[in-house]
Undergrad: 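Just passing along the structure, written as structure tokens.
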Amino acid sequence: MSTRVWINGTFFDKHDAKISVYDHGLLYGDGVFEGIRIYAGKVFKHAEHIDRLFDSAKSIALRIPLTPAEVIAAVEATVAENKKVDGYIRLIVTRGPGTLGLDPRKCEPQIIVIVDDISLYPKELYENGLEIITASTIRNHPNAVNPRVKSLNYLNNIMAKIEAIRAGCLEAIMLNHNGEVAECTGDNLFIVKKGVLKTPPIDAGILEGITRNFVIGLTKQLDIPFQEASLTRHDVYIADEMFLTGTAAEVISVTKVDDRIIGTGKQGPITRQLRERFQKLVRE
Ligand code: PXG
């Protein structure tokens, strides 16, 4: 069966699921989105994703023409239509088709729900860890469009991703405008130093990742000392363990940064413990 895509209340086959070339989502990257997992037939942290979508939209003065409950129902209907048990959801709200100018006033927002499969990192990478670099492209300044907004405009992150790929890596650390460690291009970042788990605070200029928040919650259950702390590249280089969190990657260890081996060069014990607990809980 072809993938069925929900657009403004109607299902279309993947190849017929089309939006206008006048859509400001295309013309200007004007819109917001969410990437969400389906585990064992259940939409993971559904309410949290919908809250973040509405917050992102509000921040960019985009009016979503449905209530949060209606968006939740549309996502559930699309999961059911595609009979998906494990998969990935892309929920998108664009400013919609308008004139060719920047002025959004003529635009009619469009809501799109795609339910498809997720492409996963190879299994060995979770044991051996990722090698990453620090990108020279910085994360958006919080006084521009705040990085908490999950907007359709990912160009800074894509530039950093291209730097990673050119260096033969899959991810890159992005620094903020003060030169502090912010996050990776599509994942939040954690380090472990002397038994304490640390991650940059939201005001470092990062996306408030839903996986990040879930992992922070696990530290209490597992009695792992945790703090939000501003981090430099030095802190990263001398860390005992490092890992990334994100909807796609889940919890994945990092064992090399800018050619420095992190810890033992293998997935560390706290990373393993959090990853195992994560894997267990998402299916409960
Ligand atoms: N930071 C940024 C900048 C992100 O885009 C995360 C952190 C993790 O957030 P969640 O809520 O997923 O734990 C993201 C995730 C990709 C990709 O292909 C990543 C994201 C969106 C779309 C694609 O890596 N966002």
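For ligands, and for the atoms within them, numbers begin at 1 and follow the listed sequence.
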Undergrad: Measure and list all N/O to N/O distances between ligand 1 and the protein that fall under 3.5 angstrom.
TA:
| residue | atom | partner | partner atom | Å |
| --- | --- | --- | --- | --- |
| ligand 1 | 1 (N) | E183 | OE1 | 2.6 |
| ligand 1 | 5 (O) | K150 | NZ | 3.3 |
| ligand 1 | 5 (O) | Y154 | OH | 2.5 |
| ligand 1 | 11 (O) | R52 | NH1 | 2.8 |
| ligand 1 | 11 (O) | R52 | NH2 | 3.0 |
| ligand 1 | 11 (O) | I210 | N | 2.8 |
| ligand 1 | 12 (O) | T247 | N | 2.9 |
| ligand 1 | 12 (O) | T247 | OG1 | 2.5 |
| ligand 1 | 13 (O) | I210 | N | 3.3 |
| ligand 1 | 13 (O) | T211 | N | 2.9 |
| ligand 1 | 13 (O) | T211 | OG1 | 2.6 |
| ligand 1 | 25 (N) | K150 | NZ | 2.5 |

Undergrad: Taking ring pair (Phe, Tyr, Trp, His ring centres under 6.0 Å) as the test, write out the residues that go with H24, two or more places apart.
TA: Y28
Undergrad: Does anything in residues 116-164 form a ring-ring contact (aromatic ring centres under 6.0 Å, His included)? List the pairs, not counting sequence neighbours.
TA: F33-Y154, H141-H177
Undergrad: Would D23 and R95 pass as an ion pair if we require N to O under 4.0 Å?
TA: no
Undergrad: Just to verify, what does F44 make a ring pair (Phe, Tyr, Trp, His ring centres under 6.0 Å) with, not counting sequence neighbours?
TA: Y39, F214
Undergrad: What's the shortest heavy-atom distance between T247 and I118, and which atoms?
TA: O-CD1, 4.5 Å
Undergrad: Quick check: does any side chain N or O of D240 sit under 3.5 Å from a backbone N or O of K194, one acting as donor and the other as acceptor?
TA: yes
